[in-house]
Amino acid sequence: MLRYGDSGPAVRRLQTLLLDLACAPARYRHTTGIFDDWTRSVLTSFQRGAGVHGEDDTYGPATRAALEATVPHC
């Protein structure tokens, strides 16, 4: 489970998945490895859109499964 304020390689992986989902161009692909305001905002938006409940503002098993199953259409 990752939450606001956490840091490290797992957060960097989450940020990379979120950037992949957004089809972000290379020049915008900067990951900090810190679960910051941007990470929380994008994650929460994804959770709402994907219908993930019970993990608000956190990255847990249900959000991970939904995010990894989502294929970007770039």
Side-chain angles (χ1 to χ4, degrees):
M1 181 78 68
L2 298 173
R3 59 183 39 100
Y4 188 81
D6 287 347
S7 62
V11 176
R12 190 174 299 276
R13 171 76 176 130
L14 167 59
Q15 291 170 329
T16 299
L17 288 171
L18 293 170
L19 288 166
D20 289 347
L21 184 65
C23 301
R27 68 177 177 260
Y28 296 114
R29 291 185 162 271
H30 174 72
T31 58
T32 63
I34 300 169
F35 199 128
D36 54 11
D37 291 329
W38 176 86
T39 307
R40 181 170 52 185
S41 176
V42 175
L43 182 65
T44 300
S45 178
F46 171 78
Q47 288 171 325
R48 282 191 210 120
V52 176
H53 302 285
E55 294 184 0
D56 296 341
D57 296 337
T58 61
Y59 184 58
T63 303
R64 180 178 294 114
L67 186 57
E68 290 178 350
T70 302
V71 177
H73 300 284
C74 304

Enquirer: Name all residues meeting the side chain to side chain contact (heavy atoms under 4.5 Å, CB included) criterion together with R13; count only those two or more places apart in sequence or in a different chain, and write none if there are none.
Expert: L17
Enquirer: If you group Ile, Leu, Val, Met, Phe, Trp and Tyr by side-chain heavy-atom gaps below 4.5 Å, do L67 and F35 land in one group?
Expert: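 Yes; F35 is reachable from L67 via cluster members.
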Enquirer: Taking atom OG1 of T63 and atom CE of M1, what is their separation to the nearest 0.5 Å?
Expert: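 The CE atom of M1 is 8.0 Å from OG1 of T63, to the nearest 0.5 Å.
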Enquirer: Considering only residues two or more places apart or on different chains, which pairs with a residue in residues 21-30 satisfy side-chain hydrogen bond (donor to acceptor under 3.5 Å, both in side chains)?
Expert: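 Non-adjacent pairs meeting side-chain hydrogen bond (donor to acceptor under 3.5 Å, both in side chains): D20-R29.
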Enquirer: Is it the case that the side chain of Q15 and the backbone of T39 share a donor-acceptor pair, with hydrogens and angles ignored and the cut-off at 3.5 Å?
Expert: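 The answer is no, because no donor-acceptor pair under 3.5 Å joins these two groups.
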Enquirer: Taking atom CG of D56 and atom OG1 of T58, what is their separation to the nearest 0.5 Å?
Expert: 7.0 Å
Enquirer: Rounded to the nearest 0.5 Å, what separates atom CG in L19 from atom CG in L14?
Expert: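 Rounded to the nearest 0.5 Å, the CG-CG separation comes out at 9.5 Å.
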Enquirer: Which distance, rounded to the nearest 0.5 Å, do you find between the CZ of R12 and the OG1 of T32?
Expert: 6.5 Å
Enquirer: What is the distance from atom OH of Y4 to atom CG of D57, rounded to the nearest 0.5 Å?
Expert: 10.5 Å
Enquirer: Under the salt bridge (Lys or Arg N to Asp or Glu O under 4.0 Å) rule, collect the residues that match up with R40, sequence neighbours excluded.
Expert: D37
Enquirer: Between V11 and Y59, is any pair of side-chain heavy atoms under 4.5 Å apart?
Expert: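 No. Closest side-chain heavy atoms not under 4.5 Å.
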Enquirer: Looking only at atom types and distance, does a side-chain atom of S41 sit under 3.5 Å from a main-chain N or O of W38, one as donor and one as acceptor?
Expert: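 Such a contact is absent between S41 side chain and W38 backbone.
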Enquirer: Taking atom CG of L43 and atom CD of E55, what is their separation to the nearest 0.5 Å?
Expert: 8.5 Å
